[in-house]
Amino acid sequence: MDYLEGLNKSQRVAVEHIDGPIMVIAGAGSGKTRVLTYRIAHMMNRGIDSFNILALTFTNKAAREMKERISQIVGDQEAKNLAMGTFHSVFAKLLRYNAEKLGYPSNFTIYDTQDSRSLIKSVIKELKLDDKDYKPNSVHGRISSAKNNLISPEEYANNAEIVGEDRMSKRPLIYQIYKMYMDRCFKAGAMDFDDLLYQTNVLLRDFPEVLHHYQQKFRYILVDEYQDTNYSQYLIVKKLAAVYENICVVGDDAQSIYSFRGANIQNILNFKRDYPDFTLYKLEQNYRSTKTIVDAANSVIEKNQDQIKKNVWTDNNQGDKIRVIRCLTDNEEGKVITNSIYEIKQGQGLQYSDFAILYRTNAQSRSFEESLRKLNMPYKIYGGLSFYQRKEIKDLIAYFRLSANSNDEEALKRVINYPKRGIGNTTMEHIIIAAQQYDVSLWEVMSDFNRYPCNVNASAQKKISDFVRMMQSFTADLDRVPAFDLAQRIATTTGLLKTLHEDKTPEGVTRYENIQELLAGVKEFSIANKNSENNSLSDFLIDVALMTDADDESEDDKNKVTLMTIHASKGLEFPHVYVVGLEENLFPSQLSINSRTELEEERRLFYVAITRAEKNCTLSYVQSRFRFGQLITSESSRFIDEIDEQFLNFESTYSDKGTSGRSLNARRGLDSKFSNPAATGGLSGLSQRRLKKVNVNDISSTPSKSGGTTTDLKVGFNVMHDRFGKGRVTALEGTAPNQKATVFFPRVGNKTLILKFAKLEVLD
DNA sequence: ATCAAGGCTTTTTTT
DNA sequence: AAGCCTTGAT
C-alpha cells in the first residue's frame, strides 16, 4: 500500500476512513483529487467491489483522469465497473435503462440549452404571448430553477409565492409555459439537462424497487465539488445513500461558484442535519501555490461573511509578488499579456501550456486571441462556441437524433428544410397546429396525412413524405448497421455533405472539414465500443450531448496557452496565471453588485481564479474597453483593493501625466501606486518589433533538415506559393525531410504539398 | 418559398 | 461586434 505513503496525515485519515458519512472540507490546492483517487483505490484494495461504488465528479474529464489513475493502482479489471462521471452523464445512463417506466423511450433525446430555448420560444408564440415580456432566456431560467428544486408544473402553478413573483415581474403566465414546455418535451421523447436530474428523482420516488436496486448497488458513494450541487442532486444522493450511509462528500465552500445554476451551500448544512454523526475532515495545507498567492487569496476571501472558517497555509516558497497591470484599452491588454507570456516563456524555457489567461466572460477572449495569433503563439480556447455547438455539427447531429427518435421535435424543425427541400415555415406552422389538435407529435402528423388531415397542399405533402421515408430508412438501420457506416450514409443521403462541399468560401471549407471531423469522431466511437453492446449511433448521441470542450482535448492541444472563463478553470492549475479584465461592472459583474450574496459569489470566483496559480499570478485591468460595441470607461475592480497590498506590485503601460485629472482611480489612490510606465514593455513600437522578430526566430529554431527554402511551418501560417498564390496552412504531417503540409489556397482550394519540393514563402 | 438587407438585442458564468 | 429576426422584393 505504498500509495498511502505519499499522503500527509489529514489526507491519510480521510482516505482510510471508509465507512459511514464523511465530509471533507478541502482548501484550494490541498490535494483533494488525490484524496478522492486514493480513497477509491484504497476501498477496492480493501475488497470492496468497484461495482458497488458510485463516484460523482464535476466534469467528465476529471472522472476519466481519476479512473485512469485508479486503474494504475488497482488494475484495469478491478476498476472496470466503477460508476464514475458527472451527475448528468451517470444518471442519463441510468435513465436510459429505466426510461420506459417513466413513459419515455429508452433512446430519449437530450435537449441542450439551445433546444430548450427554441422550444420555449415556440411555446410562447403558440400561447400568443409577447416575447418582449416573456424573454425565452429568462423564462428558461425560471423553469430551470423550478426543476432544480423539484417543483413540478402543478406545484409551480399552485405556489402562491412563485406565481406572485411572476406576477410582479409582469409574467404571470410562466406556469402555463412551464406546463406546456414539459408536455412537449415528453411528447418529443426528450429530456433537457435539468430533466436528467429531475426525472431521476421521479424514478427513485415512484419506483421503490428501482430505488432499492440502486441502493444495493451503490453501497459506497462519493461526491466531488459538493458545494456546487443543487437540491435535485442533493436529494438523489441522499436517497441512494439512505440504507448504507456510506457517503463521502468533498468540497470547499470558498469555491462555490455555481449558485446561478441552483447550487446551494445549504447542502453542506443539510448534510450535517441528515447525518448527525458524520465525521468532518479538513485539508488545509496547500501544495500548489507560493506563500504569496495563498496569503493574497486568503486576504481576499476573508472579506466574505458566509464561510466555514479554515486556515489554508503552505510550506512552499514565498515566490514573486502578484503583478497588477494597468492598460489603456482591451486591445492593449491583449498585447501586454501575450507579450508577457512570450517573454517569460522564452526567459525561463517554459512550455506554452504553463500559461493560462482567465476571464469573467467568454466575450473577453477576443483581444487575446488576436494578439496570440499575431505572435503565432498556439492557444486553445475552452468554452464559448464549442465544436458541438457549431451549426453544421448540430445539423448533422440533428439528423442522427431524428433517426434515433422520430418524435424529437427540435431536431425535426432543424433539418426538415436543410438542405432546402421546399418545406417552408407556413407548411410547418400548419403541421404544428394539426399536431396540437390531434395531440400527437409533429412526426406522426407528417407520416400519416390520411389519419391526421391538415391544411397542407399536395405538393408539400409529397415532399414531406419523401423526407419521412428517407428518415425511416435510417431508423431501420439504427441497430443493424455500425454507427460509422450509418452516420456516413446519413451525411451523404440527406445532401448535407454535398451542400457544404459546394460552398467554396473559407468558412464553407471549414464547415465541411468539421463534418468530416465529426464523422471521424463517430468512427473512433465505433472502434472504442466495438465489443460493447452500446455501440450504435444512438449510444454515440448520449456521449455527445453531455460532452464539453474540456472533454475532447486532443494531443496537439497539449502545448498551448489556455484561454477560459474562471468557471471553466475550476479544479485546474497552471504555473503562470493571468486574471484579466479586473474592472468594476465586469468583475464583479454588474448584475451582482447590488446583492451581498451575489457579490460574495463573485469574490469566491476571484478566489478560485487566484488559487489556480502555482508560481505566478498577474492581474490586469483597462481604462476603456468595447462592450456592446461601445467604448466603455471603466474603473479598476474592488477586488484588487481587497488584496493585502504587501503582496502586490503595480505596473502600468502608460503614465498618468495628462490623464491624471480624469482618472477614476485617483479617488481610491490606486494611481499613485503605479510606477515606471515602460516596465511592462511591449508597447513602444520598438519593443513590439523586437518581440515579433524574436518570435520568428523561435519558430524556425528547430533547424529544418529539408535543405529547402522552407523552414518549420505551423498550422495557421500564411504562405505564398509560386503557382497557387497566397494560402493558409491547415494541417501538417510527417517530419522533415518528408514533411507534408496541407494548405488552403482561396483561389484553388486545399492542396497537400511536400515541403521538400514546394517552394513556400512564409508570410507571417 | 427564398433571399438580401437592415434593425434589433445581447452578456455573466455551464451540464 | 455579431448573431438573430423581421421585413420586403422576387
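Atoms considered below: every heavy atom in the structure, side chains included; atoms not considered: hydrogens, waters and symmetry mates. Note on naming: letters A, B, ... go to the chains in the order of the sequence lines (proteins, then strands), and numbering restarts at 1 for each one. This one's a predicted model, so the numbers in the text were calculated from it and none came from an experiment.
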Asker: Without decimals, in angstroms, what is the distance between D224(A) CG and dT15(B) P?
Answerer: 15 Å

Asker: Please tell me which of the listed nucleotides, dT11(B), dT15(B), dT2(B), lies nearest to the side chain of N417(A)?
Answerer: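 Of the options given, the side chain of N417(A) lies nearest dT2(B).
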
Asker: Does N362(A) make a side-chain N or O approach to OP1 or OP2 of dT13(B) shorter than 4.0 Å?
Answerer: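 Yes, within the criterion.
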
Asker: Against the six-membered ring of Y388(A), is K394(A) placed for a cation-pi contact (under 6.0 Å from the centre, within 45° of the normal)?
Answerer: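 Because its charged atom misses either the 6.0 Å distance or the 45° angle limit, K394(A) does not stack over Y388(A).
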
Asker: Counting just side-chain N and O atoms, does K121(A) come under 4.0 Å of either OP1 or OP2 of dC5(C)?
Answerer: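 Looking at the OP1 and OP2 atoms of dC5(C), one of them is under 4.0 Å from a side-chain N or O of K121(A).
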
Asker: N137(A) side chain N/O closer than 4.0 Å to the phosphate oxygens (OP1, OP2) of dT9(B)?
Answerer: no

Asker: With respect to the phosphate group of dT11(B), does any side-chain polar atom (N or O) of N585(A) fall under 4.0 Å of OP1 or OP2?
Answerer: no

Asker: Checking all strands, does T426(A) fall into the base, sugar-phosphate, or nothing category for heavy-atom contacts under 4.0 angstrom?
Answerer: sugar-phosphate

Asker: Would you say the side-chain atoms of Q227(A) and D253(A) include a donor-acceptor pair closer than 3.5 Å?
Answerer: no

Asker: Let's test your reading of the model: under 3.5 Å, does the base of dT11(B) pair with the side chain of S589(A) as donor and acceptor?
Answerer: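 No pair found.
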
Asker: Using a heavy-atom cut-off of 4.0 Å across all strands, would you classify Y258(A) as base, sugar-phosphate, or nothing?
Answerer: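 Y258(A): backbone/sugar contact only, no base atoms under 4.0 Å.
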
Asker: Any side-chain N or O of T427(A) less than 4.0 Å from the OP1 or OP2 oxygen of dA1(B)?
Answerer: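 Checking dA1(B) against T427(A), a side-chain N or O does come within under 4.0 Å of OP1 or OP2.
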
Asker: Look at the side chain of K420(A) and decide which nucleotide, out of dC3(B), dT11(B), dT13(B), has an atom nearest to it.
Answerer: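 Looking only at side-chain atoms, K420(A) lies closest to dC3(B).
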
Asker: Do we see F260(A) stacking on the base of dT13(B), given a limit of 5.5 Å between centres and 30° between planes?
Answerer: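 Aromatic stack with dT13(B) present for F260(A).
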
Asker: If you draw the axis of the six-membered ring of F606(A), does the NZ or CZ of R603(A) fall within 45° of it and under 6.0 Å from the ring centre?
Answerer: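 No, R603(A) and F606(A) do not form such a contact.
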
Asker: Assuming nearest nucleotide by heavy-atom distance, tell me which of K135(A) and L546(A) is located more 5' along DNA chain B.
Answerer: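 Here K135(A) is the residue nearer the 5' end.
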
Asker: Answer yes or no: is there a donor N or O on one side and an acceptor on the other, between the side chain of N201(A) and the main chain of L197(A), under 3.5 Å?
Answerer: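 It does hold such a pair.
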
Asker: For N331(A) and S367(A), which I'm curious about, is there any donor-acceptor pair between the side chains at under 3.5 Å?
Answerer: no

Asker: In terms of the nearest nucleotide of DNA chain B, which residue is placed more toward the 5' end: R421(A) or S89(A)?
Answerer: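 The residue whose closest nucleotide sits nearer the 5' end is R421(A).
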
Asker: Side chain of T565(A) only, heavy atoms from C-beta on: which candidate in dT14(B), dT11(B), dT15(B) is closest?
Answerer: dT14(B)

Asker: Quantified in whole Å, what is the P atom distance between nucleotide dC4(C) and nucleotide dT13(B)?
Answerer: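 That atom pair is separated by 16 Å.
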
Asker: Ignoring the backbone of T113(A), work out which of dT15(B), dT11(B), dT13(B) is nearest its side chain.
Answerer: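 Side chain of T113(A) sits closest to dT15(B).
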
